[in-house]
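Values below: all heavy atoms of this structure, side chains included; hydrogens, waters and symmetry mates excluded. Residue numbering restarts at 1 for every chain, and letters A, B, ... go by the order of the sequence lines.
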Amino acid sequence: MSKVITSRAEDYSKWYNDIVKRANMADHSAVRGCMVIKPYGFAIWENMRDQLDAMFKETGHVNASFPLFIPKSFLSKEAKHVDGFAKECAVVTHHRLMNNPDGEGIVVDPDAKLEEELIVRPTSETIIWNTYRDWIQSYRDLPLLINQWANVVRWEMKTRLFLRTAEFHWQEGHTAHATSQEAVDETVQMLNVYATFAEEYMAMPVIKGVKTANERFAGAEDTYTIEALMQDAKALQAGTSHFLGQNFAKAFDVKFANENNKEEYVWATSWGVSTRLIGGLIMTHSDDEGLVLPPKLAPTQVMIIPVPKPDETINAAVDKVMAALKAKGIRVKYDDDPKKRPGFKFAEHEMHGIPVRIAIGKRDLEKNVVEVARRDTKEKTSVPMDGIDDYIEQLLVTIQQNLFDTAAKYRDEHITKVENMEEFKSVLDGKGGFISAHWDGTSETELKIKEMTKATIRCIPLDNPKEDGQCVLTGNPSTQRVLFAKAY
RNA sequence: CGGGAUGUAGCGCAGUCCGGUAGCGCACACGCCUGGGGGGCGUGGGGUCGCAGGUUCAAAUCCUGUCUUCCCGACCA
């Protein structure tokens, strides 16, 4: 049992915070609701970002950068969009400071008021579509497939490290298409990219689905989502991909001439994932000993520890092992700090979620073996030095798969079919997780259930089988089940 | 924005009721011992006690004001 991390059973929220802090991922900053992402946390984000970026490029997208600020008037051009974001915007009103004429410090210079206030972007649809107007004239300019890596600000009332912060890092893809179908295809394609990334790299199983009108992105025709389940049986919206229809094209007057020289409004998508994924990564795999990272995203995959401390014989053996592992492209480090004891290092690297530990001591060397420990299962095995590179290479694959399988099993065990509100409430208050239930398709019912239980419809799964039934709340006819859950 | 807490060393806390010039654990620095799961002993450095006023010979402690952060609500792709 860890000496510095609160157990999940004792206090799940505290456990989460302890992991973030003890694993050196992030800290609260001096700015309300904003976090400092520390080098280790950022290294994980860089690995996620690099992989996603490669996947975006494989699907034909390119990166660009748009302004941090958005003129206030832009935001209000799409009515639903402004409704969705108005309450959480940071606003720049002045451009100059001056010495306080009445005393200490500096004050805002009242003469430096901006003609038009600037909004710190909560998302970039408006500034981007205002720009696309100038870029798109003909169907030959389409599709336009652009992504940007950026930070955005949403003035949330209640924040949590990585899961919901006032400022966060993300990517936002913004694409323009000649036809509705092409835009819908793009929306689904990017949802699939996200799902592949979540499952194959984060080892986090997700359910792909569509949001209900209530949960839809402000300004979208349809919002597709990937939903994951955390270890406390609450759902996490891990990524969204929006079919925006012609809403933004109409708001910003973006038209193109089609093959018949007829003017049409452009069809749009936008899609994003954020540093929130790191929160999902933590809550999917980690345990009471600390962070657990999937090998594909771990900044360091293998840590070698000399026992009890480095010396010439051990160092020589380590050099050989490291060279062999590096030749396989494995990210390996040697903790040769002579001042720290092995037990301390074991605990420390477990806290940081490093997937594999290799301990090398004199006893091992006499037998020409090393001790290999897995972070996911805590299993320790004595492994011959010869062929250690192949062994570790395979082990990393095994760990990656095991993390996914374990999470998928937990998730599958936490999808429960219910037929009425009694069952609904008892499952929700008991084991939690996703509740698969019939719903009559109305916003009123959805909101009523939210009010009664705090559970929302996370999504209507894409591969949902049609099934006649009766709404859990109203008894009205329904054609399919939807997934409810309490969510982050 | 309502209700409740909180603020003392980098972190976690005691001291406040009953005023007398600040302490413990961890961390940090140095030394010695130790060494296959978070070592031991010793020495040492580090604090305008959230901020601003006030009472007093004397304020972390009492009084007034103010701010911060956290929790519960409200709010929230």
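Picking from B/G37, B/G35, B/G38 the nucleotide with the shortest atom distance to the side chain of A/Lys309 gives B/G35. When each of B/G39, B/G36, B/C76 is scored by its nearest atom to the side-chain atoms of A/Arg341, the top-ranked nucleotide is B/G39. Residue A/Glu348 places its side chain closer to B/G38 than to any other of B/G38, B/C76, B/G36. Of the candidate nucleotides B/G36, B/C76, B/G37, B/C76 has the atom lying nearest to any side-chain atom of A/Glu88. Considering only side-chain atoms of A/Arg363, the nucleotide from B/G35, B/G36, B/A74 that sits closest is B/G36.
One interatomic measurement links the two molecules: CH2 of A/Trp155 to C1' of B/C1, which rounds to 17 Å at whole-angstrom precision. We find that NZ of A/Lys345 is positioned 16 Å from P of B/G35, with the value rounded to whole Å. Rounded to an integer number of Å, the gap from A/Arg160 CZ to B/C70 C1' is 13 Å. When the P atom of B/C1 is taken as reference, atom NZ of A/Lys87 falls 17 Å away, rounded to whole Å. Atom CD1 of A/Ile314 is separated from atom P of B/G36 by 12 Å (rounded to the nearest Å). What separates CE of A/Met351 from C1' of B/G37 is a distance of 13 Å, to the nearest Å. A/Arg216 has its CZ atom 19 Å from the C1' atom of B/C76, to the nearest Å. Here the C1' atom of nucleotide B/G38 and the CG atom of A/Asp288 are 16 Å apart, to the nearest Å.
Comparing A/Lys340 and A/Lys450, the nucleotide of RNA chain B nearest to each residue sits closer to the 5' end for A/Lys340. The residue among A/Arg22 and A/Ala347 whose nearest nucleotide of RNA chain B lies closer to the 5′ end is A/Arg22.
B/A60 and B/C17 are spaced 14 Å apart, taking the C1' atom of each and rounding to whole Å. Nucleotides B/G23 and B/G47, compared at atom C1', are 11 Å apart to the nearest Å. B/A59 sits 12 Å from B/G54 when the P atoms are compared, rounded to a whole Å. One P atom belongs to B/G25, the other to B/U66, and the distance between them is 39 Å to the nearest Å. Nucleotides B/C28 and B/C75 are separated by 43 Å at their C1' atoms, to the nearest Å. For B/U6 and B/U21, the P atoms lie 25 Å apart once the distance is rounded to whole Å. Taking atom P in both B/G46 and B/G3, the straight-line distance is 44 Å, to the nearest Å. The gap from the P atom of B/G7 to that of B/C62 amounts to 12 Å, rounded to the nearest Å.
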Q: Evaluate the side chain to side chain donor-acceptor pair (under 3.5 Å) criterion for residues A/Ser241 and A/Thr187: first the C-alpha distance (whole Å), next the side-chain angles of each, then the deciding distance (0.1 Å), finally the verdict.
A: CA-CA 6 Å; A/Ser241 183; A/Thr187 310; 4.8 Å; no
Q) Would A/His352 and A/Glu350 count as a side chain to side chain donor-acceptor pair (under 3.5 Å) if you check the C-alpha gap in whole Å, the side-chain angles of each, and the deciding distance to 0.1 Å? A) CA-CA 5 Å; A/His352 284 82; A/Glu350 274 164 13; over 6 Å; no
Q | Criterion salt bridge (charged side-chain N to carboxylate O under 4.0 Å, His left out) on A/Arg374 and A/Asp376, from CA distance to verdict | A | CA-CA 6 Å; A/Arg374 289 172 62 162; A/Asp376 59 337; 2.7 Å; yes
Q: Assess whether side chain to side chain donor-acceptor pair (under 3.5 Å) is satisfied between A/Glu446 and A/Thr212, documenting all intermediate values.
A: CA-CA 9 Å; A/Glu446 184 181 6; A/Thr212 61; 2.7 Å; yes
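Using a 4.0 Å heavy-atom distance criterion, A/Arg357 is classed as a base contact. A/Glu350 comes within contact range of at least one nucleobase, with a heavy-atom separation under 4.0 Å. Using a 4.0 Å heavy-atom criterion, one finds that A/Pro338 contacts the bases of the nucleic acid, with or without backbone contacts as well.
Contact annotation: side chain of A/Lys380 to base of B/G37, donor-acceptor pair present below 3.5 Å.
Side chain of A/Arg121 to backbone of A/Asn151: a donor-acceptor contact under 3.5 angstrom is found.
Using cut-offs of 30° and 60° on the angle between ring planes, the pair A/Trp129 and A/Tyr132 is perpendicular.
With a 3.5 Å ceiling on both atom-pair distances, the Watson-Crick or G-U wobble partner of B/C41 is B/G31. Summarising the base pairing, B/G47 is matched to no nucleotide, lacking a Watson-Crick or G-U wobble pair whose two defining distances lie under 3.5 Å. The nucleotide B/A60 finds no pairing partner, because no Watson-Crick or G-U wobble arrangement with both distances shorter than 3.5 Å includes it. The pairing partner recorded for B/G73 is B/C1, the criterion being a Watson-Crick or G-U wobble arrangement whose two distances lie under 3.5 angstrom. Across all strands shown, nothing is found opposite B/C17 as a Watson-Crick or G-U wobble partner with both distances under 3.5 Å. Here B/G10 sits opposite B/C26 as a Watson-Crick or G-U wobble pair (both hydrogen-bonding atom distances under 3.5 Å). With a cut-off of 3.5 Å on both pairing distances, B/G36 has no Watson-Crick or G-U wobble partner at all.
With A/Phe344 as the aromatic partner, A/Lys340 does not meet the cation-pi criteria of under 6.0 angstrom to the ring centre and within 45 degrees of the ring axis. Because its NZ or CZ atom is not both nearer than 6.0 Å to the ring centre of A/Phe168 and within 45° of the ring axis, A/Arg276 does not count as a cation-pi partner of that residue.
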